[in-house]
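Written below as structure tokens is the structure these notes are about.
We name chains A, B, ... by the order of the sequence lines, and we start the count at 1 in each one. Remember, predicted model here, so these are calculated numbers, not experimental data. Side chains are part of it too, since the values below use all heavy atoms of this structure and drop only hydrogens, waters and symmetry mates.
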Protein chains: 2
Amino acid sequence: MSESEGVRRTPLNRERVLAAAVAFADREAGGTDALSMRKLAQELGVVPMALYKHVANKEELLAGMVDTVVGGIDPPAAGADWKGAVRERVLSARRALRRHPWAPRVIEALPAPTPAVLGHLDAVIGLLRAGGLSADLAHHAMHALGGRLLGFTQELFDASPEAAPDPGVAARLAARYPHIAEVAATAAHAERAAEDGTAVGGGCDDQFEFEFALDVLLDGIERLHLAGWTSTGARRAVQ
Amino acid sequence: MSESEGVRRTPLNRERVLAAAVAFADREAGGTDALSMRKLAQELGVVPMALYKHVANKEELLAGMVDTVVGGIDPPAAGADWKGAVRERVLSARRALRRHPWAPRVIEALPAPTPAVLGHLDAVIGLLRAGGLSADLAHHAMHALGGRLLGFTQELFDASPEAAPDPGVAARLAARYPHIAEVAATAAHAERAAEDGTAVGGGCDDQFEFEFALDVLLDGIERLHLAGWTSTGARRAVQ
DNA sequence: CACCGTAGGCGTACGCCGTACACTCGTCAA
DNA sequence: TTGACGAGTGTACGGCGTACGCCTACGGTG
């Protein structure tokens, strides 16, 4: 009764909807699989269609949820050594995502990276570049890290330029994410230079990136093996 | 008319259902998102419920599809150097999965790894062990490679022992996947030995695995950076 | 040959989902 | 006073996974 009149219930808005959706996915076992527009509406004491005044559709709801949690990543601390800075930033990302186990899957399932995700990637590339790495090496490093460490896929650099053939939009994106733009540009050049008939149009060489990450890992593991590395020793060394 | 009598249409069976499902997901843009029991049934000229005589439900259908494609990975070639053997095996896995872009996402979404996936993992661990790596290092190496390279998540080693408290079942699994079992056992011991109050029950230390992979990558990238590595040089070296 | 158990395929029905579309109704500017 | 507007409502549609029961052709058995 008090709900049907009087204070009239604080009105919905985008943030309230997103926050409730995140809370729901965090609480429920199935994560975002258990989230439906209908259940979310019920949670907010509202009819399902009311949500559509604040999000265009379920996909935009999911994107908004992702941006909400990715926005919680600490800003990068630009320190002396790039390695430490990147390490800290990636661990911060991991901390943010671990509180929302559904997030990585949703990020990968979305058709395009959200602004907050792009911002995170741009920031990490910025740290690499500030550390003196070439745009080329930074590019491949991002691919190598991409797997589970950042929660984004290699389609990023492929899709972005293709989906925005409008030069105006492209320029705006380049201004907002300068490091991504720089890396994409050098990748395109390297691609053109290395072209030999197997020619992929535009994007970067997927196979090359895959083998790059694979070899960095295998070489590193071999080095540990030859040095007689043990995890108990490593754990002790940390303390 | 010829369908309603005469040859009576070759009857369905599990393989035909799985093959049709894989073909459908390969052909359709949305992959397995576009796949529904109803559409698959229509494809096979059959009513939806007919499929349930051959697969228990949609989840089992997806698991069957995964096993179909993962089964296509070449057997490991046990060569002199473990690194080359692992490299080849992982690239073979990648080749198999690239023909079915929906597969990695489905593998990660399934609640438990399928037998073929377990077999693949067991084979790779076997190569590492045959190369002389300790079970401990092999364990961490698998986690590091896990990201995008193998298409499985770190929950594997956590979930397997917990979901099978029945010692008989556990023994049967250990017999079928000996390398996985060995690695899981040493991980449990190391965990117990390193326990200091933050105690995770049973599984392996997620955070440690994450930082292990992160540091192997960062160290490797740093080494390339200091050596003046360029991708055009690397590409040229390959040819 | 008659019989019948069985297994593969069919039809119907239920409860969920996302969301299009047209509506009400309170608020506020003119 | 009025009229536009925007938040929330109600109804409805098509699609989904799948429970349940039925039909019917087949193979083995008496």
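Distance from the side chain of A/K53 is smallest for D/dA7 among the nucleotides C/dG11, D/dT18, D/dA7. Ranking C/dG18, C/dG9, D/dG17 by closeness to the A/Y52 side chain, first place goes to C/dG18. Set against C/dT12, D/dG8, C/dT19, the side chain of B/M49 has C/dT12 as its closest nucleotide. Of the candidates D/dC16, D/dG8, C/dG9, D/dC16 carries the atom nearest the B/S36 side chain, counting heavy atoms from C-beta on. Distances were taken from every side-chain heavy atom of B/P48 (C-beta onward) to each of D/dT18, C/dG8, D/dC16; the shortest belongs to D/dT18.
For the pair B/P48/B/Q42, no side-chain contact is recorded, criterion being any heavy-atom separation below 4.5 Å from C-beta on. B/L121 is not listed as a side-chain neighbour of B/P113, based on a closest heavy-atom distance of 4.5 Å or more.
The nearest whole Å value for the distance from the CG atom in A/D33 to the C1' atom in D/dC16 is 15 Å. For the pair B/E59 CD and D/dC16 C1', the interatomic distance rounds to 16 Å; values are reported in whole Å. Between A/L44 atom CG and D/dT9 atom P the separation is 11 Å, expressed in whole Å. Between the CG atom of A/L35 and the C1' atom of C/dC16 there is a distance of 14 Å, rounded to whole Å. Residue A/L40 contributes atom CG, which lies 13 Å from atom C1' of C/dG18 at whole-angstrom precision. Computed from coordinates, the A/N57 CG to C/dC17 P distance equals 17 Å when rounded to whole Å. The interatomic distance linking A/K39 (NZ) with C/dG15 (P) rounds to 16 Å, in whole Å. Nucleotide C/dA7 holds its P atom 16 Å from the CG atom of B/N13, rounded to whole Å.
A donor and an acceptor atom never sit less than 3.5 Å apart when one is taken from the side chain of A/K58 and the other from the base of C/dG18. You'll find a donor-acceptor pair under 3.5 Å spanning the side chain of B/R38 and the base of D/dG17, going by distance alone.
Between B/R14 and B/E60 there is a salt bridge, since at least one side-chain N of the basic residue sits less than 4.0 Å from a carboxylate O of the acidic one.
A/D26 and A/W102 are linked by a side-chain donor-acceptor pair at a separation below 3.5 angstrom, with hydrogens and angles left out of the test. For the residue pair B/R89/B/H120, the side-chain donor-acceptor check at 3.5 Å is satisfied.
A/H54 has a side-chain polar atom (N or O) that falls below the 4.0 Å cut-off from OP1 or OP2 of D/dG8.
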